[in-house]
Amino acid sequence: MTALEESIYKEIQHKLKTAPKEILQQVLGYVDGILERKTDNNFDDLKMLVNEDYAVYKSGKSNLISIDEAEKDIDNFISENEN
């Protein structure tokens, strides 16, 4: 695991440490969905968007968004690219 990957993993772990069960179930669903789509052509696009969003977040140039907003954005991205 690279230093960046380890940093991301630790940040995710820290944020989820006290999350309620419902949030953990949603996150697990997102992770499962992403891993299942790993062979899809859209996976590289989604991975690039996540990396870009994370970089913007770490730079302090973006505000935090709610889980509901993130879920809606992910669902929209997936449905737009399934066709």
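This one's a predicted model, so the numbers in the text were calculated from it and none came from an experiment. As a basis for the values below, the full set of heavy atoms in this structure was taken, side chains included, without hydrogen atoms, waters or symmetry mates.
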* Should V31 and L16 be regarded as members of a common hydrophobic cluster, given that ILVMFWY residues are connected when their side-chain heavy atoms come within less than 4.5 Å of each other, either directly or indirectly? -> yes

* Any link between I12 and L28 through a network of hydrophobic side chains (Ile, Leu, Val, Met, Phe, Trp, Tyr) touching at under 4.5 Å? -> no

* Asked: Considering only heavy atoms from C-beta outward, does the side chain of N51 approach that of M48 to under 4.5 Å?
  -> no

In chain order, what residues pass the side-chain contact (heavy atoms from CB on, under 4.5 Å) check against [X], with sequence neighbours excluded?
{"X": "E22", "result": "P20"}
{"X": "T18", "result": "none"}
{"X": "A55", "result": "none"}

* Looking at residues at least two apart in the chain, or sitting in another chain, which of them share a salt bridge (charged side-chain N to carboxylate O under 4.0 Å, His left out) with E11? -> K15, K58

* **Set of residues satisfying side chain to side chain donor-acceptor pair (under 3.5 Å) with respect to K10, sequence neighbours excluded** => E6

* Residues that E52 engages under side chain to side chain donor-acceptor pair (under 3.5 Å), provided they are two or more places apart -> none

* **From CG (D32) to CD (Q25), nearest 0.5 Å** => 11.5 Å

* So with a 6.0 Å cut-off around OH of Y30, is the heavy-atom count from everything else above 12? -> yes

